[in-house]
There are 2 protein chains.
Amino acid sequence: MPELTKTEETPPEEIGTRLRVVRQIYGLTQRELARRAGVTNGAISLIEQNRVSPSISSLKKILDGIPLSLADFFTLNFSPSDNVFFTAAELTEISFGNNISYRMVGRRVAERGLQMLHETYQPGADTGEAMLRHAGEECGVIVAGCLAVTVGSHEKTLYPGDAYYFRSDIPHRFRNPGETPCVLVSANSPPSF
Amino acid sequence: MPELTKTEETPPEEIGTRLRVVRQIYGLTQRELARRAGVTNGAISLIEQNRVSPSISSLKKILDGIPLSLADFFTLNFSPSDNVFFTAAELTEISFGNNISYRMVGRRVAERGLQMLHETYQPGADTGEAMLRHAGEECGVIVAGCLAVTVGSHEKTLYPGDAYYFRSDIPHRFRNPGETPCVLVSANSPPSF
DNA sequence: GCGAGGCGTCAACTATAATTAACGCTGATA
DNA sequence: TATCAGCGTTAATTATAGTTGACGCCTCGC
């Protein structure tokens, strides 16, 4: 990532506006950028006025002239207590459906970007066929027992020490296929509930 | 769950290829996605064959039908089989200083907003008097042994099932004061290294 | 077998983006 | 002052993306 990491200003919703901001950050004129990118200055002008929606091939050429990757271009969004310690006793156990329980680390605070659960799946426990989907990312490490994790069209059974990491809006499901309770520690970012 | 139609392991450098992979991960047909997105199935077909380069407006409409942001579309790595599951053996152990080791969940952490470590502190292990400080938040659950955690001016010794949660820019320190190794699962958001 | 409905693809057409070649504006220089 | 060189914008043209309506290929159920 080039050194514009902290563009604090509002992430422009319109692509053209965003391009103009980026171009100016890099101190380029429309013509200079056009020359480097191998497009015409008129095209850049029209894009920056949001009068046309560039094809990704054009946008890529333009960004190559900066240079800036498509991913960085779209990512260039902004950036993203006193109760620190919790004894196991304080972490009240909450039941989630029938056979799944967890202890949430910390109180539910809207401002937080991270949620950690100490979860127990009883044998046969299952989040269900209707797959889970929500924003963010999540990961976990199996501590005891085993857990069958389905993510998208892939499924795998994980054992102690194994782990998973996926984007939470890919449909997913957890199930304990074993004979003993499954214990794991999982994290969500941002908190999913 | 819809079957992933044998997507060859091509790295989705081409936008169309990437779109096809993503669409199939989400279990959508071209026609279903077209209906949701308000475009025609033919357009999606042509894009996925890399025969046209969609305009940003079209691509955005299509991604809205999934739904997925442009930033995520360009940023994220969508080969779940390679990225979601990790056996304990795959999570190579890394030593951190003298007596601290960890296994990192996932390989390419740079692009991610969440980092999970399966850590072991040998007896006496200590992150040191020079306190740690970095952006973000972190939390953890103790799995075995005990760990003395210092956050700001507070210190507490945590035992299995206990946990912590704090803003990482508050100076902090970890130390195993016990006679046996301490095992914990911790998470950082965003990744601290 | 055979039709119905779903899938992805494609040729022809329409809509939109990109280029070309101008325009007016500004600031620097003589 | 006059001129020039560079800036961003734009109307008309060309190139490309998107839609329409068809195709062949499947699978499912009669």
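Below, chains carry the letters A, B, ... as their sequence lines are ordered, and counting in each starts from 1.
The side chain to side chain donor-acceptor pair (under 3.5 Å) analysis of residues 37-49 of chain B, with sequence neighbours excluded, yields the pairs B:R20-B:E48, B:R23-B:E48, B:Q30-B:E48, B:S45-B:Q49. For the salt bridge (charged side-chain N to carboxylate O under 4.0 Å, His left out) condition, no pair includes a residue of residues 176-187 of chain A, sequence neighbours left out.
Checked against side chain to side chain contact (heavy atoms under 4.5 Å, CB included), A:S57 has the following partners two or more places apart in sequence or in another chain: A:S55, B:S53. With sequence neighbours excluded, the residues satisfying salt bridge (charged side-chain N to carboxylate O under 4.0 Å, His left out) with B:K60 are B:D64. Remark: B:V52 pairs with B:L46, B:I47 by the side chain to side chain contact (heavy atoms under 4.5 Å, CB included) rule, at least two apart or across chains. Every residue meeting the salt bridge (charged side-chain N to carboxylate O under 4.0 Å, His left out) condition with B:R35, not counting sequence neighbours, appears here in chain and number order: B:E32. By the side chain to side chain contact (heavy atoms under 4.5 Å, CB included) test, B:A148 pairs with B:E155, B:T157, B:R175, B:P177, sequence neighbours left out.
Once you apply a 4.0 Å limit to the heavy atoms of chain B, the touched nucleotides of DNA chain C run 5' to 3' over C:dC7 to C:dC10.
Counting all heavy atoms, side chain and backbone alike, B:I15 lies closest to B:F74 at CD1-CE2, 3.3 Å. Minimum interatomic distance between B:L147 and B:C182 (heavy atoms only, all atoms of both residues): CB-SG, 3.7 Å.
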Give the B/S/- string for nucleotides 7-20 of chain D, one per nucleotide from 5' to 3', where a protein heavy atom under 4.0 Å of the base yields B, of only the sugar-phosphate yields S, and otherwise -. BBBB------SSBB
Short heteroatom pairs, N/O only, protein and nucleotides 24-28 of chain D, under 3.5 Å:
none

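Residues B:Y164 and B:L158 form a side-chain contact, since some pair of their non-hydrogen atoms from C-beta on lies under 4.5 Å apart.
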